[in-house]
Asks: 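Before anything else, here's the structure in question.
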Amino acid sequence: MIKKNNLLIIFVLAAFAGAVSFFISHRRVPTLRSAKQFELSGDLQQAHSLYTAALFEIAPSIELPDINRSKILSPAALKKEVEKYFIWINRPAAKARDDYLATLAGMTRCEGDDRRDNTISDPVFTALNPEAYLVEWNKTFFAPNVAADPSHIALASGNYRHKISLLVLKSSKNYTYEINLINKATGRGTRALLLAENSVRLYAPPGEYLLLCRSTVTFPSEKIWRSNYTPIPITVPDTVSLITFELRTSVHRRLK
């Protein structure tokens, strides 16, 4: 009887997992389908925005570790989260899915007709030595009132040897940004929410990236405006660096 109950539980869990997978995969389809429809109708600007939105959804991504978690997690649990993040960004490329490739191809076809709601300032590159790298590491993963865990020294040193740079993205007044930093070589991303007048700190191996972002602002009239999804190309050098820049937004359309 117990064995039959166990089999039933396994069956139910498998069916649930399959349903979730089906829902997620089909939730992505409408955005990609809409992008294709706008492209066929000749509205390449809207098509490009929707292809970028589809890529934001489709690219397998990890959430950026939250620095405030250092206030509540044990040192071992926090270190495990940080290790998971770096395993993700260092993992070699896997076979790209068809919908991912179709989305990139659509963005390429419609490029040039995209509307650049979001741009970045000229990046500032500062080379980091191991000591400076550890200082920046502690700023990334430990809140100001939390003592840095000495066991992170070896973890930071290992990623320094692997030439993992740090990108610091700053936001201007009023605008909040949804971000996904996509490694073009692996197809994987890191998601983050950049609040107004704030910053996020993303690590990245050398290579070519697409910073996908959408901005949101609430005006004094309490009307909300959201930008198109914008892809911004970024190159991370072979030299371990601190790369800082500011995201900027131009409002192009009327409020509804």
Side-chain angles (χ1 to χ4, degrees), residues 16-64 88-89 91 93-120 169 171 175-195 200 202 204 207-218 223-234 247-256:
F16 177 76
V20 170
S21 177
F22 178 86
F23 172 77
I24 292 174
S25 63
H26 281 71
R27 185 185 64 180
R28 292 166 174 159
V29 170
T31 306
L32 185 55
R33 183 186 299 124
S34 296
K36 292 177 181 177
Q37 290 171 347
F38 276 101
E39 182 182 2
L40 290 172
S41 72
D43 189 345
L44 301 187
Q45 186 180 96
Q46 184 63 15
H48 188 275
S49 175
L50 287 171
Y51 278 125
T52 307
L55 183 62
F56 195 107
E57 297 171 1
I58 288 169
S61 304
I62 192 171
E63 293 290 335
L64 179 70
W88 177 263
I89 66 172
R91 187 178 297 171
K95 183 180 179 182
R97 292 186 348 216
D98 290 343
D99 55 357
Y100 175 84
L101 295 174
T103 301
L104 284 179
M107 289 174 65
T108 299
R109 288 194 302 272
C110 299
E111 197 170 16
D113 288 272
D114 56 316
R115 189 181 69 210
R116 296 284 164 157
D117 286 351
N118 305 298
T119 58
I120 60 171
L169 290 64
S171 61
Y175 292 95
T176 296
Y177 295 89
E178 301 165 66
I179 290 169
N180 198 345
L181 181 68
I182 308 292
N183 185 330
K184 294 178 70 175
T186 66
R188 283 189 297 276
T190 301
R191 293 194 188 200
L193 182 65
L194 174 55
L195 300 177
V200 294
L202 304 167
E208 300 298 324
Y209 289 79
L210 284 176
L211 177 66
L212 310 182
C213 59
R214 180 174 69 166
S215 54
T216 303
V217 61
T218 302
K223 290 186 178 180
I224 297 173
W225 178 87
R226 289 185 175 85
S227 73
N228 276 357
Y229 280 91
T230 307
I232 301 171
I234 293 176
L247 277 164
R248 297 170 176 171
T249 296
S250 298
V251 178
H252 284 287
R253 57 188 173 188
R254 294 178 181 175
L255 301 176
K256 294 182 180 179

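Note that the structure is a prediction, hence the values are computed from the model and not measured.
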Asks: With rounding to the nearest 0.5 angstrom, report the CG to OG1 distance, L194 to T176.
Replies: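 L194 CG to T176 OG1: 7.5 Å, rounded to 0.5 Å.
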Asks: Ignoring hydrogens and geometry, is there a side-chain-to-backbone donor-acceptor pair from T103 to L55 under 3.5 Å?
Replies: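 A pair under 3.5 Å: no.
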Asks: Below 4.5 Å, heavy atoms only, C-beta onward: do L211 and L169 meet side chain to side chain?
Replies: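 Yes, side chains in contact.
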Asks: With a 4.5 Å limit on heavy-atom distance, are the side chains of C213 and F56 in contact?
Replies: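 Side-chain contact under 4.5 Å: no.
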Asks: Considering non-hydrogen atoms only, spot the tightest contact between E39 and R109 and give its length.
Replies: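 Reported closest heavy-atom pair: OE2-NE, 2.6 Å.
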Asks: Over all heavy atoms of both residues, which pair between R214 and N118 is shortest? Give the atoms and the distance, please.
Replies: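 Minimum heavy-atom separation between R214 and N118: CA-ND2, 4.1 Å.
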Asks: Tell me the closest heavy-atom pair linking W88 and G189, and the distance in Å.
Replies: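 The pair with the smallest heavy-atom distance is NE1-O, 3.0 Å.
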Asks: When you measure from the side chain of N180 to the backbone of T190, do you find a donor-acceptor pair of N or O atoms at a distance under 3.5 Å?
Replies: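 Such a contact is found between N180 side chain and T190 backbone.
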Asks: Run T230 and D117 through side-chain hydrogen bond (donor to acceptor under 3.5 Å, both in side chains) and show every step you take.
Replies: CA-CA 7 Å; T230 307; D117 286 351; 5.3 Å; no
Asks: May I ask you to test the L32-Y51 pair for a side-chain heavy-atom distance under 4.5 Å?
Replies: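 Yes. Closest side-chain heavy atoms under 4.5 Å.
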Asks: Once you round to the nearest 0.5 Å, how far does CG of L50 lie from OG of S34?
Replies: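 Spacing of CG (L50) from OG (S34) equals 6.0 Å.
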Asks: Could you grab the distance from atom CD1 of I179 to atom CG of L193, nearest 0.5 Å is fine?
Replies: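 It is 8.0 Å, given to the nearest 0.5 Å.
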Asks: Got R188 and I182 here, is their nearest side-chain heavy-atom distance under 4.5 Å?
Replies: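 A side-chain contact is absent here, since even the closest heavy-atom pair is not under 4.5 Å.
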Asks: Grab the two heavy atoms, one from C110 and one from L44, that are nearest each other, plus how far apart they are.
Replies: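 It is CB-O, 3.7 Å.
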Asks: Which heavy-atom pair separates P60 from G187 by the least distance, and what is that distance?
Replies: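 That closest heavy-atom pairing would be CD-O, 3.6 Å.
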Asks: Are T216 and E178 side-chain neighbours, meaning at least one heavy-atom pair lies under 4.5 Å?
Replies: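 A side-chain contact exists here, since the closest heavy-atom pair is under 4.5 Å.
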Asks: Does L195 offer a backbone N or O that forms a donor-acceptor pair with the side chain of S171 under 3.5 Å?
Replies: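 Yes; judged by distance alone, with no hydrogens or angles, the pair exists.
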Asks: Report the C-alpha distance between L64 and L202 in whole Å, list the side-chain angles of each, state the deciding distance to 0.1 Å, and finish with yes or no for side-chain contact (heavy atoms from CB on, under 4.5 Å).
Replies: CA-CA 7 Å; L64 179 70; L202 304 167; 3.7 Å; yes
Asks: Check whether any side-chain heavy atom of K184 sits under 4.5 Å from a side-chain heavy atom of P233, and report yes or no.
Replies: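 No, too far: nothing below the 4.5 Å cut-off.
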Asks: I'd like to check T249 versus W225 (side-chain heavy atoms, cut-off strictly below 4.5 Å). Are they in contact?
Replies: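 Yes - at least one pair of side-chain heavy atoms lies under 4.5 Å apart.
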Asks: Do you know which two heavy atoms are closest between T52 and M107, and how far apart they sit?
Replies: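 Closest approach of T52 to M107, heavy atoms only: OG1-CE, 3.6 Å.
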Asks: Starting at CD1 of I62, measure out to CZ of R191 and round the result to the nearest 0.5 Å.
Replies: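 Reported to 0.5 Å precision, the distance equals 12.0 Å.
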Asks: If you round to the nearest 0.5 Å, how far is CG of D43 from CZ of F38?
Replies: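 Rounded to the nearest 0.5 Å, the CZ-CG separation comes out at 6.0 Å.
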Asks: Does a side-chain heavy-atom distance below 4.5 Å link L247 with Y175?
Replies: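 No - every pair of side-chain heavy atoms lies 4.5 Å or more apart.
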Asks: About how many Å separate CD of E57 and CG of D99, when rounded to the nearest 0.5 Å?
Replies: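 Between D99 CG and E57 CD, I get 10.5 Å after rounding to 0.5 Å.
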